[in-house]
Amino acid sequence: MPPVGGEAHTGTLPMAFAESLETRLLRLSETDFFTLRDAVQGVHVFGGIGSGKTSGSGKALADAYLRAGMGGLVLCAKPDEVDRWLGYAKANGRANSVILFGERGGAFNFITYELARQGIAGLGSVIECVMRILDAARMANPNAGRNSESFWEDAVRQLLRNTIPPLYAATGNVSLPDIVRFVATAPVSPEQRTDKGWLETSFMFQTLANAVKQPRVALPERDMDMIGAYWRNEYSHLDNKTRSNMAITLSTALDRFTRGRLHHAFCTDTTLIPEMTFHGAIIIMDMSALTWNEDGIIGQQLFKFMWQRAVLARNALDPKHRDRPVFCWADEAQFFVNDADAMFQSTCRSSKACTVYLTQSLPTYYARIGGDNAKHKADMLLANFVTKIFHNNADPETNKWAAETIGRSLQQRHNYGEGQSRGRNTGVGDGESTNWGTSFSSSYSTGKGGGSSSSGWGSSEGAGDNWSRNAGINTGSSTNSGWSETMDYEIEPADFSRRLRTGGPANRNNVTGVWFQAGRLFKGSRRNYLSVRFRQ
């Protein structure tokens with residue numbers, strides 16, 4: 001099979017881009033192509049350690065998307081991912097499109113961004129962004145408990161709904177440090193609300209007073225009444241343990257944004273925004289999950305969430321902001337998945353968004369997502385990727401899932417049998433016989449001369465014995481052959497671990513895989529899958 005390669009360049013200028021969904025991005029065989037229409041339906045790549053998924057299908061797709069002039073967001077798990085993409089961009093004439101965000105520059109104040117876009121109507125969006133931080137913090141620490149998850153999410157969301165609006169009303173802005181400070185100085189008992197010392201020192205009380213008496217941005221009176229009632233009648237009456245858990249859940253997740261690199265990246269100025277990718281920018285998240293650790297995972301999940309929201313909203317913009325295809329790239333995607341991904345993947349096609357996720361196995365998703373519904377959530381997400389590429393994998397669960405995804409068909413199974421037989425027999429016989437008998441005779445005769453008579457009697461007896469011996473040998477042989485039909489896997493699960501090449505010198509730098517696409521019959525195979533080869 002020929003190696004997968006580029007098919008069409010959309011122009012020599014770096015900012016030219018593919019517009020038609022029928023644009024061919026990759027040649028898969030002599031008669032089959034991967035088009036932009038296929039790309040916007042999502043691609044997921046599976047492959048074990050050393051399988052060649054990154055250097056094989058991953059590189060082929062990355063080059064194709066860059067040649068097509070797409071803008072994009074690149075999430076980085078490994079430290080070398082940034083330099084790899086800088087190399088991709090340079091090789092495809094897109095070096096000037098790259099924007100680094102993180103270790104080597106860039107800043108994005110997501111709160112001021114949302115408020116600038118929507119004003120007071122964007123407060124709900126700010127709340128959901130903060131909730132995304134909490135969710136990312138939980139996923140960055142999968143050992144944390146998830147008991148009563150729904151209750152705590154709802155409780156913290158209610159807490160934020162009564163914290164962020166008065167902060168915005170009083171100051172005209174919202175910051176994560178102020179959110180933490182506001183909650184930390186809230187009343188912990190009904191009696192404290194009338195304590196003079198608390199009234200004089202509480203940042204929360206002073207903020208509420210300014211929001212009512214001297215607002216920078218006036219909120220509807222009904223909203224302020226509901227906020228006051230929450231702090232007066234609900235929060236201060238909560239059980240101490242419940243209230244403490246809510247405050248600690250919020251403060252521990254947001255504390256990392258009050259100082260250090262996450263504070264600089266997300267709580268200061270804004271030098272880049274997600275919409276820049278709509279015009280060809282390639283934003284590379286220079287905060288590797290393996291070097292920034294939990295900070296890197298949380299920061300990248302937050303920006304990805306903001307980018308996804310912007311992409312889904314782009315169809316309401318002028319055509320010049322929505323014509324260019326964009327992509328979201330995540331190698332080692334298990335670090336970056338969340339509950340919002342399934343919804344995004346099910347609706348992003350119309351926004352010309354091309355998602356490419358790469359991971360090793362299904363269990364990596366289950367472990368990262370965690371909880372009782374981890375498998376269902378992972379399955380729901382993966383169901384929204386129409387194209388799946390399978391490379392060599394040692395995980396039996398993933399291989400079985402791959403075989404079941406491709407499906408079963410009527411298979412002919414041939415059988416053949418051959419046999420030989422050899423025997424020997426021997427025997428000995430003996431016998432005995434006896435005989436006995438008597439005889440008697442008499443005669444009488446008369447005549448002229450007189451008469452005469454005679455008689456006689458006799459007996460006989462005898463006995464004897466006999467014996468015999470015999471021997472013999474017999475041999476024989478037989479053969480049989482035939483075939484039967486049965487419904488079975490198109491590709492056996494074990495084939496994903498033993499027949500796919502992993503690249504390197506031993507395989508002459510060839511990486512092979514199985515390219516599956518739901519609802520498609522490839523001309524080169526007459527199946528819904530195609531065997532493909534990539535050159536490293």
Side-chain angles (χ1 to χ4, degrees), residues 17-23 25 34-45 61 65 68 70-75 110 113-114 117-118 121-122 124-129 131-132 135-136 139 153 157 273-279 281 283 300-330 333-334 336-359 365 369 373-389 405 516-520:
F17 61 91
E19 295 187 64
S20 170
L21 291 176
E22 307 311 317
T23 301
L25 302 180
F34 178 71
T35 67
L36 180 58
R37 184 181 298 278
D38 301 323
V40 298
Q41 297 179 89
V43 178
H44 202 296
V45 182
L61 288 166
Y65 288 9
M70 297 186 191
L73 171 65
V74 180
L75 307 175
F110 70 97
Y113 163 82
E114 279 295 325
R117 288 176 63 238
Q118 303 184 57
S125 296
V126 173
I127 292 170
E128 292 307 312
C129 292
M131 290 299 299
R132 191 56 50 198
D135 187 59
M139 293 190 68
E153 286 187 0
R157 184 176 278 106
I273 59 175
E275 286 84 354
M276 295 173 74
T277 61
F278 301 170
H279 302 280
I283 299 177
Q300 293 189 68
Q301 285 226 32
L302 173 59
F303 191 80
K304 176 177 71 100
F305 177 72
M306 302 298 297
W307 182 85
Q308 288 175 335
R309 290 172 69 112
V311 168
L312 294 180
R314 75 187 294 207
N315 285 340
L317 304 176
D318 290 337
K320 64 181 180 180
H321 300 300
R322 63 174 191 253
D323 286 345
R324 182 187 298 269
V326 293
F327 67 85
C328 177
W329 186 280
Q334 69 272 9
F336 309 113
V337 294
N338 56 50
D339 293 345
D341 284 348
M343 187 277 290
F344 173 78
Q345 193 56 35
S346 67
T347 56
C348 69
R349 178 179 179 274
S350 62
S351 299
K352 287 188 176 181
C354 310
T355 305
V356 180
Y357 281 2
L358 301 88
T359 196
Y365 276 158
I369 294 174
N373 296 318
K375 184 179 186 304
H376 296 301
K377 290 180 179 179
D379 290 345
M380 181 173 63
L381 170 63
L382 294 173
N384 290 312
F385 288 88
V386 174
T387 296
K388 298 177 177 70
I389 305 172
T405 298
F516 165 83
Q517 189 170 335
R520 179 172 180 175

Approximate separation, where rounding is to 0.5 Å, of Thr277 OG1 and Arg324 CZ: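 Result: 10.0 Å between the selected atoms.
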Point-to-point distance, once rounded to the nearest 0.5 Å, from CZ of Phe385 to OG1 of Thr405: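 Answer rounded to 0.5 Å: 13.5 Å.
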Residue pair Arg157, Ile127: steps toward the side chain to side chain contact (heavy atoms under 4.5 Å, CB included) verdict: CA-CA 7 Å; Arg157 184 176 278 106; Ile127 292 170; 4.2 Å; yes
Nearest atoms (heavy-atom pairs only) where Gln345 meets Asn384: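 Minimum heavy-atom separation between Gln345 and Asn384: CG-O, 3.4 Å.
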Passing candidate, side chain to side chain contact (heavy atoms under 4.5 Å, CB included) with Val356, options Ile389, Val74, Leu61: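 The option that passes is Leu61.
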His321 atom NE2, neighbour heavy-atom count above 12 within 6.0 Å: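 Yes - once you tally the heavy atoms of other residues, nucleotides and ligands closer than 6.0 Å, there are more than 12.
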Derivation of the side chain to side chain contact (heavy atoms under 4.5 Å, CB included) call for Phe110 and Glu114: CA-CA 6 Å; Phe110 70 97; Glu114 279 295 325; 5.7 Å; no
Verdict with supporting geometry, Ile283 and Trp307, side chain to side chain contact (heavy atoms under 4.5 Å, CB included): CA-CA 10 Å; Ile283 299 177; Trp307 182 85; 5.7 Å; no
Mutual orientation of the aromatic rings belonging to His44 and Tyr365 [parallel < 30°, tilted 30-60°, perpendicular > 60°]: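 Perpendicular.
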Expected output: side-chain Asp341 to main-chain Asn338 donor-acceptor under 3.5 Å: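 Yes; at least one donor-acceptor contact below 3.5 Å.
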Donor-acceptor under 3.5 Å (Lys377 side chain, Ala342 main chain):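 Not at all, since once roles are kept as given, no pair shorter than 3.5 Å links the two residues.
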Side chain to side chain contact (heavy atoms under 4.5 Å, CB included) between Leu36 and Met70, intermediate numbers included: CA-CA 11 Å; Leu36 180 58; Met70 297 186 191; 3.7 Å; yes
